Every structure is written in C-alpha cells, then in structure tokens.
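Below is one structure; the comments refer to it alone.
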Amino acid sequence: MKLVRLLIADRHELVRLGVRAIVEAESDLQLVAELDDALEAIAEVRRLSIDVALLGVDVRSMGGIDACRRIRADAPRAKVLMLTSHSDDETVFAAITAGASGYLLKTATRREFLRAVRSVAEGKCYLDPVVTPGVLHRFKTLEAIGEAHDACGSAITERQAYALLSKREREVYSLIKEGCTNRDIAEQLVISEHTARNHVSHVLRKLNVNSRSQLAVSVQGSVEAS
C-alpha cells in the first residue's frame, strides 16, 4: 500500500489539529507538515515531496487559490485539495481553474474527508456534493462560450463573459474596457500593480483572448442588453 504524504496549510489551528487526528488513525496516510502560511506551504510541497496539499482558501500571505496555482506550476506531481468553508460558485470555480483536484467543505464528515484525500491522491477529482451543481452550471456556460468562439470566431455577450469571472475580475474587466492600464487598475482597486497584472491575465485567459484589443472585439453588448 502506497503511503500518501500530506501537507495542510490553514490559518486555523483547530482545523490543522482535526486533520492530524483523522490522518494519524489511517495507515496509508501521513501528515508531514502543518502550516498557516501559503508561501511556506509552496516551498515545503517540493522540499518534502508532498503527494496532496490541503489548502484553506484564506490561508495567510497569499490565499489558497493563488498558492494552488503556484504549487501546480512548481510541483506538478503534487495534487491540491481545497479545504474550506466557502461554498460560493465563484470561489469553487476559481480553485478548479487554478488547478485544484478537489474541493471539500469543512463541514464534511470524516468519511467524506478520507474519500476526498484518497481520490485526489489517485489522480481523480473530488467535489463536495454541496458545490457540484454550481460548478456544473459554470462549465456548461464555459462550453457554450467555447462553441461560440469556434463558430467562425463569433463574439460572446458580456453576460456570458461575466458568468466566468469572479467579482474582482469583473471589476478589472470593466476597467480594461475603459482603457485603464495595469497601473490605473491598481490605483482604482487599491492593489499592487503586480496583483493587477495577474487579474488582467486571468480575465484574458478565462475569456479565451490574447490581448486587450482582442477582448474588445470578442465581447459584445452590455450586461443589461444581452
């Protein structure tokens, strides 16, 4: 039986202790690191040859979703299971697009937790049943948008575009349409220019365009009119 090496990064000590208590009773699982900081978790995943990283969405320093993206880029062999109290569609979809293999709510039972961890370790995907309907709806929307792009380069509506973006990304999208630079966006939203640049990249990637100018011709109409 292959031993699955786990890391948990969550800002709440009780959550980390709870995970340890569950894992210690299982012969095929080993918790090798407990952290409350995302940047430390990213470094430890590679150093400790982690199989599955359990990440809280609100973990310190950079957040679990950005940490997930970094882990998948720096240590692609490692899988990520988001462990969180956030059940809204935007957060779930953002985690999946960042490369998470699983998404489990902290209200899950011990049995559900173990099923999720083992599924992800085996290379499968796992979604908490509570969030599954919303995620399926998002992917159906994404499929429809992909079909629209394939149909002779057909533009999509702004309502379809909004369906794919998080609340923050919608704000960035609106500022892009106004012609704002990354620096302008950073000043308007009171964030760093680096963060603004990342948000712009996420918007372009989600809408399947390569540049701001392509975005202008690929998305038509307005939310109210579409």
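Worth saying up front: this structure is predicted, and the values here are computed from it rather than measured. Computed over heavy atoms, backbone and side chain alike; hydrogens, waters and symmetry mates excluded.
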- Show the numbers, then the answer: is there a side-chain contact (heavy atoms from CB on, under 4.5 Å) between Val15 and Lys106? CA-CA 8 Å; Val15 172; Lys106 290 179 179 177; 4.0 Å; yes
Heavy atoms of Ser49 and Arg77 approach each other most closely as O-NH2, 3.2 Å
Closest heavy-atom pair, Val172 versus Val200, reported as atoms and distance to 0.1 Å, is CG1-CG2, 3.8 Å
When every non-hydrogen atom of Val52 is compared with those of Val4, the smallest separation belongs to CG2-CG1, 4.1 Å
Grouping I, L, V, M, F, W and Y whenever their side-chain heavy atoms are under 4.5 Å apart, do Val23 and Tyr126 come out in a common cluster? yes
Smallest heavy-atom separation, Gly99 atom then Cys68 atom, equals C-SG, 3.8 Å
field: Glu40 and Arg47 ion-paired at < 4.0 Å
entry: no
Nearest heavy-atom contact between Ile71 and Ala53 is CD1-CB, 4.3 Å
Item to complete: For Glu169 and Ser166, indicate whether the former's side chain and the latter's backbone hold a donor-acceptor pair under 3.5 Å.
Response: yes
query = Are Leu29 and Leu81 connected, step by step, through hydrophobic side chains (Ile, Leu, Val, Met, Phe, Trp, Tyr) whose heavy atoms are closer than 4.5 Å?
reply = yes
Look at the side-chain heavy atoms of Ile, Leu, Val, Met, Phe, Trp and Tyr, link any pair under 4.5 Å apart, and say whether Val120 and Leu104 land in one connected group.
yes
Val32 backbone acceptor or donor facing Arg5 side chain under 3.5 Å: no
- Task: Treating Ile, Leu, Val, Met, Phe, Trp and Tyr as nodes and any side-chain heavy-atom pair under 4.5 angstrom as an edge, say whether Val80 and Tyr103 lie in one connected cluster.
- Result: yes
Quiz item: In terms of side-chain heavy atoms, does Asn198 have a donor or acceptor partner in His202 at a distance below 3.5 Å?
Solution: no
### Message
One thing to verify: whether Asp10 and Arg16 come together as a salt bridge, which I'm taking to mean a side-chain N less than 4.0 angstrom from a carboxylate O.
### Response
no
Can you find a heavy atom in the side chain of Thr195 that is under 4.5 Å from one in the side chain of Leu189? no
Carboxylate-amine/guanidinium contact Arg118 Glu122, below 4.0 Å: no
Would a hydrophobic clustering, with Ile, Leu, Val, Met, Phe, Trp and Tyr connected at side-chain separations under 4.5 Å, put Leu7 with Leu114? no
Scanning both residues in full, the closest heavy-atom pair of Ala108 with Asp128 reads CB-OD2, 4.4 Å
- Task: Decide, yes or no, whether a salt bridge links Arg20 with Glu13 under the criterion of side-chain N to carboxylate O below 4.0 Å.
- Result: no
Around atom CZ of Arg183, are there more than 12 heavy atoms from other residues, nucleotides or ligands closer than 6.0 Å?
no
